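Just so it is clear, the model here is predicted, and its values are computed rather than measured.
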Amino acid sequence: FTEALTFSLCSRDDVATKMRKKIEDIPAVHISNPKTLEFQVARTSLLPGLLKTVQANRKMPLPLKLFEISDVVVKDAGAEVGARNERHMAAVFYNKSPGFEIIHGLLDRIMQLLEVSPAKDQSSSGYYIRQGDDPAYFPGRTADIVAYGKVVGSLGVVHPEVVTAFDLNLPCSALEINIEPFL
C-alpha cells in the first residue's frame, strides 16, 4: 500500500452526495466563507479524498492500493470550540475485481499491530465485524468494525454509484477506522 496525504477541506458533494449521504446527516464543520467550492467543509471521512486520489491516478498500473492516516473533524457540542479531531485510518483497493479479501486482510493486520485480538464471540473483548448498512458501500457487502463493544469503522465493496460519482470505472473496496481508541 502507498500512503496518500489529502486535503483536510473538501466540498459538500465529496462528503455527502458522492458518498450517497445527505449533508444534513453528517456532523460536518462548515466553512462560513469558502474561497472555492472544493473547500466548503472540514472532512468527516478520509475515504472521499482517497477516491479522488485514485481518480487522479487511474492511468497508473493496477492495482492501486492507497492508505491514509490523518485527522478528521466532527461537530461536538461538548467540545470547547464546538468540534473535535479524530485520528482515522482509511485504505482503498482499486482493481479489475473489488478485492474485499485484501481489505479484510489489511484490517486483520492493522488490528494485529494495534494488539487488538479477534473476538471469539461478539463480546466486549477484542474486535469483530458484523453486517453493516453504510450507503457508500454495496448492500450485503459492507461490514461494521466493532472493537471492545463499540463500532469504530466500516469496510466493504464501494457502491457502484459512488465509484462512478468519483469518475472511476473499476470496482474498489475500502475500509475506514477510527484508531483514536487504540492510541
Side-chain angles (χ1 to χ4, degrees), residues 1-30 34 36-75 86 88-107 110 129-146 151-179:
F1 280 81
T2 304
E3 186 171 12
L5 184 61
T6 61
F7 291 115
S8 296
L9 298 176
C10 55
S11 72
R12 289 183 184 99
D13 278 351
D14 288 347
V15 296
T17 311
K18 288 183 180 180
M19 299 299 287
R20 302 182 69 230
K21 298 176 182 176
K22 293 180 181 158
I23 191 71
E24 301 83 30
D25 299 339
I26 298 171
V29 175
H30 296 263
T36 71
L37 292 176
E38 285 296 307
F39 302 124
Q40 297 173 310
V41 296
R43 65 182 174 191
T44 57
S45 171
L46 300 177
L47 198 51
L50 285 177
L51 291 172
K52 285 173 81 169
T53 304
V54 169
Q55 186 267 331
N57 292 283
R58 63 182 175 212
K59 301 257 189 271
M60 298 299 288
L62 295 175
L64 289 178
K65 301 188 295 185
L66 300 174
F67 79 96
E68 181 175 11
I69 300 172
S70 196
D71 285 356
V72 299
V73 180
V74 290
K75 280 186 180 175
E86 286 181 354
H88 279 213
M89 186 272 174
V92 172
F93 179 82
Y94 179 75
N95 202 3
K96 292 177 182 168
S97 65
F100 178 81
E101 66 281 358
I102 294 183
I103 287 294
H104 187 225
L106 178 64
L107 170 68
I110 291 165
I129 61 173
R130 67 176 184 214
Q131 185 171 348
D133 60 357
D134 190 325
Y137 297 104
F138 199 79
R141 297 209 174 177
T142 179
D144 289 332
I145 303 163
V146 182
V151 176
V152 293
S154 60
L155 78 155
V157 176
V158 178
H159 197 284
E161 290 176 12
V162 175
V163 170
T164 55
F166 284 95
D167 295 326
L168 301 173
N169 50 12
L170 293 174
C172 60
S173 55
L175 94 88
E176 182 157 358
I177 184 169
N178 178 4
I179 59 172

J.: Under the salt bridge (charged side-chain N to carboxylate O under 4.0 Å, His left out) rule, collect the residues that match up with Arg12, sequence neighbours excluded.
T.: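 Checked Arg12 against salt bridge (charged side-chain N to carboxylate O under 4.0 Å, His left out); zero matches.
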
J.: Using the ring of Phe1 (Phe, Tyr or Trp, six-membered ring only), decide whether Lys65 places NZ or CZ under 6.0 Å from its centre and within 45 degrees of its axis.
T.: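 Yes; both conditions hold, so Lys65 lies above the ring face of Phe1.
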
J.: Name all residues meeting the salt bridge (charged side-chain N to carboxylate O under 4.0 Å, His left out) criterion together with Asp71; count only those two or more places apart in sequence or in a different chain, and write none if there are none.
T.: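 Scan of Asp71 (salt bridge (charged side-chain N to carboxylate O under 4.0 Å, His left out), adjacent residues dropped) gives Arg87.
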
J.: Determine whether Arg58 and Leu170 make a side-chain contact, defined as any pair of heavy atoms from C-beta on separated by less than 4.5 Å.
T.: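 No; the side chains remain at least 4.5 Å from each other.
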
J.: Please indicate whether Phe138 has more than 12 foreign heavy atoms, meaning atoms of other residues, nucleotides or ligands, lying under 6.0 Å from its CZ.
T.: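 Result for CZ/Phe138: open.
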
J.: Can you tell me how far OG1 of Thr2 sits from CG of Leu64, rounded to the nearest 0.5 angstrom?
T.: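 Going from the CG atom of Leu64 to the OG1 atom of Thr2 covers 8.5 Å.
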
J.: State, yes or no, whether a side-chain contact exists between Ile129 and Leu107 at a heavy-atom distance under 4.5 Å.
T.: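 Contact flag for Ile129/Leu107 side chains = yes.
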
J.: Work out which heavy atom in Val41 is nearest to a heavy atom in Ser11; give both atom names and the distance.
T.: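 It is CG2-O, 3.9 Å.
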
J.: Would you mind reporting whether Lys75 and Thr44 have side-chain heavy atoms less than 4.5 Å apart?
T.: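 When only atoms from C-beta onward are counted, Lys75 and Thr44 do not touch, as no gap falls below 4.5 Å.
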
J.: May I ask you to decide if Pro98's main-chain N or O and Ser173's side chain share a donor-acceptor pair within less than 3.5 Å?
T.: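 Side chain of Ser173 to backbone of Pro98: a pair is present.
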
J.: If I take atom CD1 from residue Ile26 and atom OG from residue Ser45, how far apart are they, to the nearest 0.5 angstrom?
T.: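 That separation rounds to 8.5 Å.
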
J.: One pair to check against side-chain contact (heavy atoms from CB on, under 4.5 Å): Arg130 and Val151. What are the steps and the verdict?
T.: CA-CA 10 Å; Arg130 67 176 184 214; Val151 176; 3.1 Å; yes

J.: Could you grab the distance from atom CZ of Phe93 to atom CG of Leu50, nearest 0.5 Å is fine?
T.: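 So the gap between those two atoms works out to 14.5 Å.
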
J.: Roughly how far, to the nearest 0.5 Å, is CG of Asn178 from CG of Leu46?
T.: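 Answer rounded to 0.5 Å: 10.0 Å.
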
J.: Side-chain contact test, heavy atoms from C-beta onward, threshold under 4.5 Å: evaluate it for Tyr137 versus Arg20 and give yes or no.
T.: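 Result no, sub-4.5 Å side-chain heavy-atom pair not found.
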
J.: Please report the C-alpha distance between Leu155 and Phe100 in whole Å, then the side-chain angles of each, then the deciding distance to 0.1 Å, and finally whether the side-chain contact (heavy atoms from CB on, under 4.5 Å) criterion is met.
T.: CA-CA 8 Å; Leu155 78 155; Phe100 178 81; 4.0 Å; yes

J.: Within the supplied structure, the quantity of interest is the number of heavy atoms (other residues, nucleotides, ligands) at a distance under 6.0 Å from Asp133 CG; does it exceed 12?
T.: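 Atom CG in Asp133 is not crowded, with 12 or fewer foreign heavy atoms closer than 6.0 Å.
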
J.: Would you mind reporting whether Leu51 and Cys172 have side-chain heavy atoms less than 4.5 Å apart?
T.: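 They are in contact (side-chain heavy atoms under 4.5 Å apart), so the answer is yes.
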
J.: With distance as the sole test, does Glu86 use its side chain to make a donor-acceptor pair with the main-chain N or O of Val74 at under 3.5 Å?
T.: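 No; judged by distance alone, with no hydrogens or angles, the pair does not exist.
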
J.: To the closest 0.5 Å, what do you measure between CD (Glu68) and CE (Met89)?
T.: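 Spacing of CD (Glu68) from CE (Met89) equals 10.0 Å.
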
J.: Looking at Arg141, I want to see if its CZ is surrounded by more than 12 non-hydrogen atoms of other residues, nucleotides or ligands under 6.0 Å.
T.: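 Counting neighbours around CZ of Arg141, 12 or fewer heavy atoms of other residues, nucleotides or ligands fall under 6.0 Å, so no.
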
J.: In this structure, are over 12 heavy atoms from other groups packed under 6.0 Å from Leu5 atom CG?
T.: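 Atom CG in Leu5 is not crowded, with 12 or fewer foreign heavy atoms closer than 6.0 Å.
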
J.: As an exercise, state the distance from CZ of Phe7 to OG1 of Thr53, rounded to the nearest 0.5 Å.
T.: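 Rounded to the nearest 0.5 Å, the CZ-OG1 separation comes out at 9.5 Å.
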
J.: Can you list the steps and then say if Arg43 with His88 is a side-chain contact (heavy atoms from CB on, under 4.5 Å)?
T.: CA-CA 11 Å; Arg43 65 182 174 191; His88 279 213; over 6 Å; no

J.: Looking at side-chain heavy atoms only, is the closest gap between Glu38 and Lys52 below 4.5 Å?
T.: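 Side chain of Glu38 against side chain of Lys52, heavy atoms only: contact under 4.5 Å found.
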
J.: State, yes or no, whether a side-chain contact exists between Thr142 and His159 at a heavy-atom distance under 4.5 Å.
T.: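 Heavy-atom side-chain distance check fails, nothing below 4.5 Å.
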
J.: When you compare the side chain of Val158 with that of Pro171, does any pair of heavy atoms fall below 4.5 Å?
T.: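 They are not in contact (no side-chain heavy atoms under 4.5 Å apart), so the answer is no.
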
J.: Could you check Leu168 against Tyr94 for side-chain contact (heavy atoms from CB on, under 4.5 Å), going step by step and ending with a plain yes or no?
T.: CA-CA 9 Å; Leu168 301 173; Tyr94 179 75; 3.9 Å; yes

